[in-house]
2 protein chains.
Amino acid sequence: MSPTTDAPRRRLSKARVLEAAIALADHGGLEEFGMRRLAQELGVVPMALYKHVANKEELVNAMIDIVFSEIEIPSSGLDWRSGLRRRAMSAREVLKRHSWAIGLMETASPGPANLRNHNAVMGCLREAGFSFQTAIHAYSVQDAYIYGFAMQEKTLGLQAPRDAGDAARRRAQTIRAHEEFPYLAEIAAKLSETGYDPATEFAWGLDLILDGLDQLLRAT
Amino acid sequence: MSPTTDAPRRRLSKARVLEAAIALADHGGLEEFGMRRLAQELGVVPMALYKHVANKEELVNAMIDIVFSEIEIPSSGLDWRSGLRRRAMSAREVLKRHSWAIGLMETASPGPANLRNHNAVMGCLREAGFSFQTAIHAYSVQDAYIYGFAMQEKTLGLQAPRDAGDAARRRAQTIRAHEEFPYLAEIAAKLSETGYDPATEFAWGLDLILDGLDQLLRAT
DNA sequence: ACCTGAACACCGTTCAAGT
DNA sequence: ACCTGAACACCGTTCAAGT
């Protein structure tokens with residue numbers, strides 16, 4: 001209301017809206033994210049946003065393409081395997097940073113950064129010598145793994161018990177698991193000793209897939 | 001309002017609420033799904049639902065566990081590879097039927113059907129001779145692939161253009177792709193000839209992963 | 001050209017009341 | 001014991017007005 005709000009009253013712009021939108025979603029997830037809340041963060045009335053973005057859906061699509069632009073593109077300087085490996089590792093890191101984007105990366109109406117990245121991946125495979133059909137398969141299995149792993153990692157990150165009640169419920173569940181679900185009990189017992197590093201876990205599956213593709217390429 | 005509403009006025013029960021909820025979500029997706037809309041479908045006032053479920057979140061969790069219960073459990077009668085393969089193929093089919101569940105399967109506080117299935121998968125791997133650590137990796141790569149593929153298939157399913165404007169926009173994009181993104185242009189050109197079957201596409205990547213796991217098992 | 005205020009048609013959910 | 005009605009605190013968005 002008063003001119004002494006904490007947000008500096010610079011002119012609004014699409015870039016500034018997008019930046020604030022991503023910061024808000026990064027911080028609070030998709031549930032906290034909304035037009036009214038975003039306007040508040042920018043020190044502006046909700047309707048001011050609609051001069052810079054058509055609606056919420058268009059805004060989210062633009063945010064998604066910014067996320068895509070942060071993913072490394074397989075450079076033609078590297079061999080196909082290193083290029084794809086770096087791109088996949090980068091994608092996981094980016095999706096960790098912007099975990100609200102995880103369910104939305106595969107949206108209809110892909111943006112330019114999305115197209116650029118996917119074109120480069122497909123190019124990398126074709127130039128390596130994969131047939132068109134095999135390149136399609138290889139492309140599909142990689143992206144499914146990347147997005148699926150990011151999803152798993154996200155919910156694992158939410159496992160941190162929020163309050164004492166949650167923790168107690170979880171403990172009770174673990175005890176029941178001991179009786180009915182011996183193999184889950186083994187996980188609960190051993191994984192807390194070993195620890196669990198998502199980055200190396202991701203790399204293990206990624207290398208399994210890339211090994212498989214490499215064998216296919218050598219066999220032809 | 002009048003006693004002649006189309007829904008038969010049988011007594012409400014948690015089972016009846018869940019059944020109607022899944023039917024509604026299957027039909028209209030998560031966006032159409034809501035407490036008020038669900039109540040309307042059951043011919044009841046919104047608040048009547050709250051005697052049978054605590055809130056929307058608890059309701060969705062219960063729905064998710066029903067989805068889990070529809071996924072085949074790897075039977076101990078089969079060899080490990082066939083068991084896991086059948087379970088994965090079944091998971092994809094179930095997620096196709098209930099595509100609203102795709103982002104939510106890996107939720108915190110898993111239900112009993114979830115625990116049962118995951119325990120059986122882990123047991124299948126351990127009994128096949130995989131070490132604990134390798135079994136964890138194998139488990140992770142499979143589920144990441146299954147959920148990631150389901151996500152991709154879901155958005156591919158939404159690609160069907162809704163109106164003429166959409167179709168025109170998509171065509172324009174394809175033309176631009178020809179110039180800037182030759183490898184995407186190749187996909188657009190060739191994939192419409194070949195056709196694309198999600199089930200065989202899914203099996204290709206699944207077999208690549210299972211082959212890799214099989215080689216690991218034989219090497220030890 | 002850019003921002004605002006009031007309003008509309010929605011949510012999930014609480015609370016006090018009906019039968 | 002089960003269902004209802006009115007209300008509360010939210011949404012995204014439209015429309016007419018301000019500067």
Side-chain angles (χ1 to χ4, degrees), chain A residues 1-22 24-25 27-64 100 103-104 107-109 162 165, chain B residues 1-22 24-25 27-64 100 103-104 107-109 162 165:
Chain A
M1 248 93 178
S2 84
T4 55
T5 25
D6 39 354
R9 280 295 191 95
R10 284 158 49 209
R11 263 288 231 48
L12 224 49
S13 69
K14 183 156 186 178
R16 217 155 85 72
V17 170
L18 280 169
E19 192 188 6
I22 289 177
L24 180 58
H27 188 268
L30 260 198
E31 300 81 60
E32 309 288 322
F33 176 79
M35 299 303 268
R36 292 178 118 107
R37 179 69 196 280
L38 174 57
Q40 189 187 309
E41 217 76 25
L42 285 161
V44 109
V45 94
M47 277 320 298
L49 300 173
Y50 286 83
K51 292 287 150 185
H52 299 96
V53 293
N55 51 37
K56 192 183 181 184
E57 192 184 343
E58 198 234 44
L59 170 59
V60 170
N61 276 347
M63 290 163 69
I64 294 285
W100 50 269
L104 312 169
T107 185
S109 66
R162 283 151 199 267
Chain B
M1 247 90 177
S2 84
T4 53
T5 26
D6 40 353
R9 282 296 192 96
R10 285 159 48 211
R11 263 288 230 49
L12 224 48
S13 68
K14 182 154 186 178
R16 219 155 84 72
V17 170
L18 280 170
E19 192 189 5
I22 289 177
L24 180 57
H27 188 269
L30 260 197
E31 301 81 60
E32 309 287 322
F33 176 79
M35 299 301 270
R36 292 178 119 107
R37 178 70 197 278
L38 174 57
Q40 188 187 309
E41 217 76 23
L42 283 161
V44 109
V45 94
M47 278 318 300
L49 301 173
Y50 286 83
K51 292 287 152 187
H52 300 95
V53 293
N55 50 38
K56 193 183 181 185
E57 192 184 342
E58 198 234 43
L59 170 59
V60 171
N61 275 347
M63 290 162 70
I64 294 285
W100 50 270
L104 312 169
T107 183
S109 66
R162 284 151 199 264

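Throughout, protein chains are lettered first and strands after them, A, B, ... in sequence-line order, and every chain is numbered starting at 1.
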Roughly how many Å is it from CD in E32(A) to C1' in dC11(D), rounded to a whole number?
14 Å

Using whole Å, report how far CG of L38(B) lies from P of dC11(C).
12 Å

Could you tell me how far apart M35(B) (CE) and dC10(C) (P) are, to the nearest whole angstrom?
19 Å

Where along residues 45-55 of chain A does a heavy atom come under 4.0 Å from DNA chain C, residue by residue in number order?
V45(A), M47(A), A48(A), K51(A), H52(A)

Without decimals, in angstroms, what is the distance between E58(A) CD and dG12(D) P?
15 Å

All side-chain hydrogen bond (donor to acceptor under 3.5 Å, both in side chains) counterparts of R37(B), not counting sequence neighbours:
E41(B)

side-chain contact (heavy atoms from CB on, under 4.5 Å) partners for A39(B), two or more places apart
V44(B), P46(B), L49(B)

Under the rule for salt bridge (Lys or Arg N to Asp or Glu O under 4.0 Å), what residues qualify as partners of E57(B), not counting sequence neighbours?
none

Are E58(A) and N55(A) close enough, and set up right, to give a side chain to side chain contact (heavy atoms under 4.5 Å, CB included), and what steps lead you there?
CA-CA 6 Å; E58(A) 198 234 44; N55(A) 51 37; 3.5 Å; yes

Can you sort out the partners of K51(A) under salt bridge (Lys or Arg N to Asp or Glu O under 4.0 Å), two or more places apart, ordered by chain and number?
none

Separation of dA9(D) C1' from K56(B) NZ (nearest whole Å):
16 Å

Nearest-angstrom distance from the residue atom CD of Q40(A) to C1' of dC10(D):
13 Å

Symbol by symbol from the 5' end, with Watson-Crick or G-U pairs under 3.5 Å, [ ] crossing and | another strand, DNA chain C is ||.|||||...|||||.||

Can you tell me the distance, in whole Å, between the CZ atom of R36(A) and the C1' atom of dA6(C)?
11 Å

Mind checking side-chain contact (heavy atoms from CB on, under 4.5 Å) for L104(A) and listing every partner two or more places apart, or none if nothing turns up?
L30(A), V60(A), I64(A)

Going by the rule side-chain contact (heavy atoms from CB on, under 4.5 Å), which residues pair with A20(A) if we only count those two or more places apart in sequence or in a different chain?
L38(A), L42(A)

Carefully, step by step, assess E32(B) and W100(B) under the rule side chain to side chain contact (heavy atoms under 4.5 Å, CB included).
CA-CA 10 Å; E32(B) 309 287 322; W100(B) 50 270; over 6 Å; no

H52(A) NE2: over 12 foreign heavy atoms closer than 6.0 Å
yes

Distance, rounded to the nearest Å, where E31(B) contributes CD and dC11(C) contributes P
13 Å

